[in-house]
Amino acid sequence: MARNIQSLERAAAMLRLLAGGERRLGLSDISSALGLAKGTAHGILRTLQQEGFVEQDPASGRYQLGAELLRLGNSYLDVHELRARALVWTDDLARSSGESVYLGVLHQQGVLIVHHVFRPDDSRQVLEVGAMHPLHSTALGKVLAAYDPVAHSEAAEAERQAFTPRTVTALDELEGVLDLTRARGWAADVEETWEGVASVAAPIHDRRRMPVGAVGVTGAVERVCRDGEPGELRPEIVAAVRDCARAVSRDLGAGRF
């Protein structure tokens with residue numbers, strides 16, 4: 001049986017202690033409450049402080065929870081709410097399009113898949129929740145890079161791998177693609193990431209009208225593209241994806257787009 005890491009257990013206990021108090025706690029309070037030597041407690045607090053999880057009041061020297069924990073908590077809540085609000089609409093999109101539907105958010109220089117609805121047929125499929133997709137080549141990634149300044153910077157600064165002969169890797173070409181994405185409100189990926197696969201995605205905004213994710217449809221080129229060949233996407237699929245994105249955005253309080 002795997003052993004727990006003692007330093008992480010102590011750090012977690014320290015954060016819970018600070019979260020449960022109504023006032024800032026001093027080093028002696030924390031070490032006494034957790035049964036730790038002051039030197040050990042101070043070392044953990046210093047590390048947590050460096051990571052932004054704990055803040056020290058310069059006047060009193062006492063400790064409290066830091067802003068980084070709030071940021072992480074809000075990020076979790078945003079993703080959780082996004083997924084919850086999107087469940088019904090993504091199910092409807094999968095039924096109407098006959099294809100797989102993905103919900104993605106920006107995470108560590110890529111797109112994290114946080115929800116995946118299978119194509120509504122009897123084919124064997126693999127759940128991709130938790131998978132990471134590239135920013136520069138996928139429809140989901142292009143949408144995030146077009147609307148989210150952080151995603152844009154990461155896509156521009158990253159090494160852009162050519163997955164297929166159609167992958168756009170030059171920065172000036174990518175910027176042109178992102179300009180087009182913003183102009184029409186959706187992004188496409190036709191065999192840029194996987195041979196024989198096409199995707200279309202649109203942005204989801206929250207109540208602050210900030211981009212919080214993207215929703216997209218992915219399927220075989222012969223089904224997603226007009227005339228069954230690489231090129232123009234079927235307009236009814238593009239319209240369905242955009243309608244889904246708008247519906248989720250409205251449920252998140254974004255109003256009409």
Side-chain angles (χ1 to χ4, degrees), residues 75-94 96-97 99-117 119 128-156 158 160 167-168 174-175 177-190 192-194 197-219 224 233 237-257:
S75 174
Y76 168 78
L77 291 173
D78 286 346
V79 171
H80 180 75
E81 183 180 8
L82 172 63
R83 186 168 50 234
R85 297 286 186 178
L87 288 176
V88 172
W89 299 111
T90 50
D91 283 349
D92 287 346
L93 179 57
S96 65
S97 67
E99 302 295 342
S100 299
V101 175
Y102 295 89
L103 189 67
V105 299
L106 177 65
H107 181 69
Q108 294 182 349
Q109 295 82 50
V111 183
L112 174 66
I113 303 302
V114 297
H115 185 54
H116 174 198
V117 184
R119 184 171 64 254
E128 291 194 43
V129 172
M132 291 291 293
H133 290 183
L135 281 172
H136 70 285
S137 64
T138 62
L140 292 171
K142 292 176 193 176
V143 163
L144 294 174
Y147 288 90
D148 184 332
V150 175
H152 178 272
S153 296
E154 292 180 350
R160 293 174 293 279
T167 307
V168 172
L174 178 62
E175 292 290 4
V177 170
L178 300 183
D179 286 342
L180 177 61
T181 297
R182 284 186 288 267
R184 64 188 183 183
W186 56 275
D189 165 13
V190 181
E192 294 179 51
T193 311
W194 302 280
V197 177
S199 304
V200 57
I204 295 172
H205 298 80
D206 65 7
R207 61 184 61 86
R208 300 162 295 175
R209 302 180 77 85
M210 297 293 292
V212 292
V215 63
V217 158
T218 297
V224 177
L233 292 159
I237 289 184
V238 174
V241 169
R242 297 191 70 190
D243 287 345
C244 177
R246 291 190 189 104
V248 179
S249 296
R250 285 196 299 271
D251 277 4
L252 288 170
R256 296 186 65 85
F257 272 83

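- Within the 4.5 Å cutoff, side-chain heavy atoms of I204 are placed close to those of L103.
- For H152, the ring pair (Phe, Tyr, Trp, His ring centres under 6.0 Å) test picks out no residue, with sequence neighbours left out.
- Here the closest heavy-atom approach between residue P203 and residue A245 is recorded as O-CB, 3.3 Å.
- In terms of heavy atoms, D189 sits closest to A139 at CB-N, 3.5 Å.
- Looking at R160, its side chain never comes within 3.5 Å of a backbone N or O of V168 through a donor-acceptor pair.
- Without hydrogens or angle criteria, R85 side chain to V248 main chain gives no donor-acceptor distance under 3.5 Å.
- Counting heavy atoms from C-beta on, the side chains of H136 and T167 come closer than 4.5 Å.
- The aromatic rings of Y102 and H116 sit parallel, their planes meeting at an angle under 30°, below the 60° perpendicular limit.
- Residue pairs that meet the salt bridge (charged side-chain N to carboxylate O under 4.0 Å, His left out) test with at least one member in residues 138-153, sequence neighbours left out, are K142-E192.
- Side-chain N or O atoms of S199 include none that pairs as donor or acceptor with a backbone N or O of T218 at under 3.5 Å.
- Within a 6.0 Å radius of CH2 in W89, no more than 12 heavy atoms belonging to other residues, nucleotides or ligands are found.
- The salt bridge (charged side-chain N to carboxylate O under 4.0 Å, His left out) search around D92 returns R95, not counting sequence neighbours.
- Between V241 and A202, the closest heavy-atom pair is CG1-N, 3.8 Å.
- Contact annotation: the side chain of L135 approaches that of L106 to within less than 4.5 Å [non-hydrogen atoms, C-beta and beyond].
- The shortest heavy-atom contact between G216 and L140 is N-CD2, 3.7 Å.
- In terms of heavy-atom proximity, V215 sits nearest to C244 at CG2-SG, 4.1 Å.
- The neighbour count for M210 CE, taken as heavy atoms of other residues, nucleotides or ligands under 6.0 Å away, does not exceed 12.
- Minimum interatomic distance between V111 and G104 (heavy atoms only, all atoms of both residues): CG1-CA, 3.8 Å.
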